[in-house]
Each structure stands twice: as C-alpha cells, then as structure tokens.
Amino acid sequence: MDNSNQRPSPRVTTAYRDAARKSDTRSAALTLALAGVPVFPCVRGGKQPLTAHGFHSATNDPSRVEHWWARMPEANIGIPTGSASGLVVVDVDVHRGGNGFRSFSEVTENGITERWAWMVRTPSGGMHAYFAATPGKDQPCWSIPSRHIDFRGDGGYIVAPPSAVTNPDGSTRPYSLVSFGRDAGTVDSVELNRVLAPPKPPPRSGPPSSMPRAESSPDRLAAWVASRPEGARNGGLFWAACRMAEAGHDFSRTSLFLGDAAQSAGLSDTEAFRTIKSAYRIASRLGPSNTLGSRPVPTRP
C-alpha cells in the first residue's frame with residue numbers, strides 16, 4: 001500500500017493548533033476530543049497518567065473528557081501515539097550530556113523526517129516532530145540514547161500543549177507549538193532507526209594483528225593476556241585459552257599460566273577461572289560428562 005499521501009486530517013490539524021493556543025488544559029483536551037483525538041489526563045506539572053490504565057484509558061468521548069477535567073482541571077494532556085491516535089512522534093531529547101538536534105538534522109537531510117506535520121517545543125528545550133501514523137503498519141516505540149532520539153508510536157504516548165512540566169530546577173515550562181509543515185506525511189520508523197543506529201559490522205574472521213600467533217608458547221600467550229587493557233581482558237583471555245587447549249595443554253596447566261596473567265590485567269580469580277573453563281568447553285568440544293583434563297580436539301577454523 002502506498003501511504004505517501006497519508007497525513008493528519010485538516011480537522012485534527014486545526015484542532016491541535018486551536019488546543020495549543022488555549023490557556024487551560026481543560027478546554028484544550030475537549031477541543032482535541034471533539035476532533036476525534038483520544039486524550040487522557042496526566043499529573044499537573046508532570047507526565048505520569050492519572051487514569052487507572054494509563055494511556056490505554058484514552059478516549060475521544062467528550063462527556064468522559066469533561067468528567068476527567070472537571071475533577072482535575074489543571075491536569076496535563078496525554079495523547080496515545082501510533083494507531084490509537086493516528087499520530088507518531090519523533091522526540092528530540094535535550095539532556096546535560098547532549099541533545100538530538102544534530103541527529104534529527106542528519107535524518108531530515110536524508111529525507112526521512114522532512115515531512116513532519118507540526119513541531120512542538122518541549123519543556124526541556126527539546127522538540128516533538130509529529131507525523132501521521134502509517135495505516136495498517138505496526139510502528140512500536142524505540143529509543144536510541146546515544147543519539148538522543150526517541151520514537152513514540154504504538155505502545156506509547158506524549159504530553160501535548162498547553163501542558164507544562166516542572167523541571168528538576170523548580171522551573172515550570174510549557175509545551176508550545178512552534179510551526180506546521182508544508183508537506184506533512186508519514187515517517188518510516190524502521191529506516192529512521194537503521195540510519196541512526198546502523199548494525200555493527202560482523203566480527204573479523206581472524207585475530208587482530210596485535211595478538212600473538214596461535215602456536216605461540218604459553219609464556220608468550222600469558223604475557224599478552226597480562227597486557228590486555230580494560231574492555232579487552234576477557235576476550236583476550238578466552239582467545240589465549242582456546243589456543244592452549246588446541247595445542248594440547250590440559251586445563252590445570254592453562255589455568256596456571258593464564259590465570260595469574262589475567263589477574264595481572266585486572267580480572268578476578270573467579271572471572272579468569274570461568275573464562276578459561278568456557279574456552280575449554282568450546283575449543284575442546286567437551287560435554288558435561290568429560291573432565292577438563294581430557295586432551296582437547298582442535299576446533300575448526
């Protein structure tokens with residue numbers, strides 16, 4: 001199915017714009033509900049749902065919405081994302097450790113997120129870019145913390161203007177509508193995820209050039225293991241233990257040579273023992289009934 005022309009209806013777009021301009025969340029929530037957008041109340045100054053079933057309680061029934069906000073007139077407005085509302089959101093986060101604006105610019109230049117329907121500035125200084133949900137296609141939520149980008153789709157929700165959130169510093173800031181897009185449409189959440197977090201390349205078929213040769217002496221293997229930096233200690237010990245197993249050394253001899261070396265590199269005695277034991281089980285193809293002192297069978301390349 002070609003969903004290239006799928007976009008939020010003019011009725012929803014107008015309702016969102018009108019709701020964002022309201023001075024109170026009660027009338028804004030009713031404006032959205034009357035346009036067919038399901039909403040639910042969240043705590044004043046926060047994002048936690050006030051309903052028993054969270055965003056699953058969202059409704060566009062005006063009488064129900066009136067009842068909620070009559071009891072909680074200052075509640076924030078939550079909107080479920082995905083197929084429930086027909087809206088998905090790319091959430092550009094801003095944290096002390098960084099922000100996602102550069103990442104968003106990158107995927108926009110690639111044409112992935114250029115067809116946003118409208119933009120909302122969040123209380124943290126971040127941004128919500130709204131798109132139409134793709135009909136008939138599951139678009140689950142996901143998050144890529146390293147790129148400071150979240151995707152809010154099926155199984156999630158967002159807080160909408162004119163709601164406000166109290167920040168850790170005590171300041172209260174609102175969600176505010178910034179602008180509308182000229183060519184609003186859908187977003188390919190799978191492609192967006194792939195570009196932001198490409199799959200890692202497959203592991204190299206051979207050991208790094210810094211590793212000693214497979215037929216190196218136990219002393220040389222031990223010296224190499226002892227030199228491994230943090231993050232490469234377990235892997236280096238495992239590789240060296242496999243080489244000693246394939247060379248015919250029994251478990252006790254390998255533990256004697258490599259165990260002390262691993263501890264010199266920073267591994268605990270327990271960690272070293274487990275890693276060497278795992279190496280022998282794999283390199284020797286031993287079953288649970290075999291002894292670790294049995295002569296190993298070389299592994300296939």
Side-chain angles (χ1 to χ4, degrees), residues 8-95 117-133 139-141 143 150-180:
S9 70
R11 183 185 182 194
V12 169
T13 301
T14 300
Y16 197 96
R17 179 192 62 203
D18 293 345
R21 292 174 176 173
K22 300 287 186 183
S23 59
D24 64 291
T25 57
R26 181 177 181 176
S27 59
L30 186 59
T31 298
L32 290 169
L34 289 171
V37 179
V39 296
F40 63 96
C42 294
V43 297
R44 173 188 176 185
K47 306 175 185 179
Q48 299 78 21
L50 286 169
T51 51
H53 302 289
F55 66 87
H56 296 291
S57 298
T59 181
N60 55 17
D61 179 0
S63 62
R64 184 63 175 163
V65 173
E66 283 273 29
H67 173 73
W68 278 335
W69 267 268
R71 294 175 52 223
M72 302 168 285
E74 296 184 333
N76 278 344
I77 303 170
I79 299 177
T81 47
S83 58
S85 64
L87 299 170
V88 296
V89 172
V90 176
D91 182 1
V92 180
D93 289 331
V94 171
H95 302 293
W118 56 81
M119 292 279 194
V120 170
R121 182 179 293 111
T122 64
S124 68
M127 181 182 69
H128 284 170
Y130 284 72
F131 298 84
Q139 292 182 282
C141 296
S143 176
D150 298 333
F151 179 78
R152 306 301 176 93
D154 294 297
Y157 69 93
I158 45 84
V159 176
S163 302
V165 168
T166 302
N167 294 311
D169 62 5
S171 62
T172 299
R173 298 175 184 172
Y175 290 83
S176 56
L177 182 63
V178 177
S179 61
F180 283 89

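Small disclaimer: the values here were computed from a predicted structure and weren't measured. One-based numbering along the sequence shown.
- We find the CE-CG distance between M119 and L177 to be 11.0 Å, quoted to the nearest 0.5 Å.
- Side chain of S163 to main chain of A160: a donor-acceptor pair is present (N/O by atom type, distance under 3.5 Å, no hydrogens or angles).
- The closest side-chain heavy-atom distance from Y16 to P161 is below 4.5 Å.
- Considering all non-hydrogen atoms of both residues, G155 and C141 come closest at C-SG, 3.8 Å.
- Counting heavy atoms from C-beta outward, T25 and P162 have side chains that approach closer than 4.5 Å.
- Scanning both residues, A35 and V12, for their nearest heavy atoms gives O-CG2, 4.0 Å.
- When side chains are defined from C-beta on, H128 counts as touching T122, because their heavy atoms get closer than 4.5 Å.
- Looking at heavy atoms from C-beta onward, F151 lies in side-chain contact with V90 at the 4.5 angstrom threshold.
- Counting only heavy atoms from C-beta outward, the side chains of C42 and K47 never approach each other to under 4.5 Å.
- We find the CG-NE2 distance between D61 and H67 to be 11.0 Å, quoted to the nearest 0.5 Å.
- Taking both residues in full, the closest heavy atoms of G82 and A133 are given as O-CB, 3.9 Å, listed atom of the first, atom of the second, then distance.
- Counting only distance, with no hydrogens or angles, the side chain of Y130 and the backbone of F180 share no donor-acceptor pair below 3.5 Å.
- Contact check for D24 versus W69: no side-chain heavy atoms found under the 4.5 Å cut-off.
- Summarising the geometry of V165 relative to P123, their closest heavy-atom pair is CB-CG, 3.8 Å, with the distance given to 0.1 Å.
- L87 is not listed as a side-chain neighbour of T81, based on a closest heavy-atom distance of 4.5 Å or more.
- Remark: side-chain polar atoms of N60 are not paired, donor with acceptor, to backbone N or O of L32 under 3.5 angstrom.
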With side-chain contact (heavy atoms from CB on, under 4.5 Å) as the test, would you mind laying out the steps for E66 and L30 before giving the verdict? CA-CA 7 Å; E66 283 273 29; L30 186 59; 3.4 Å; yes
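- Scanning all heavy atoms of the two residues, the minimum distance from V88 to A132 falls at CG2-O, 3.9 Å.
- Distance OG/S124 to OH/Y175: 7.5 Å, rounded to 0.5 Å.
- A side-chain donor-acceptor contact under 3.5 Å links D169 to the backbone of S171.
- Minimum heavy-atom separation, M72 to P41: CE-CG, 3.8 Å.
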Under the side-chain contact (heavy atoms from CB on, under 4.5 Å) criterion, do V43 and L50 qualify, and how do the steps go? CA-CA 6 Å; V43 297; L50 286 169; 3.4 Å; yes
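- To the nearest 0.5 Å, the span separating CD1 on I79 from CD1 on I158 amounts to 4.5 Å.
- Remark: side-chain polar atoms of S85 are not paired, donor with acceptor, to backbone N or O of V37 under 3.5 angstrom.
- Two residues are said to be in side-chain contact when any heavy atoms from C-beta on lie closer than 4.5 Å; P80 and D154 fail this criterion.
- Note: Q139 CD to R152 CZ = 14.5 Å, rounded to the nearest 0.5 Å.
- Ring geometry, F40 versus F55: the interplanar angle falls from 30° to 60°, so the pair is classed tilted.
- In this structure, T31 contributes its side chain and A19 its backbone to no donor-acceptor pair below 3.5 Å.
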Please evaluate residues D93 and D150 with respect to the criterion side-chain contact (heavy atoms from CB on, under 4.5 Å), reporting the C-alpha separation (whole Å), side-chain torsions for both, the decisive distance (0.1 Å), and the verdict. CA-CA 7 Å; D93 289 331; D150 298 333; 2.9 Å; yes
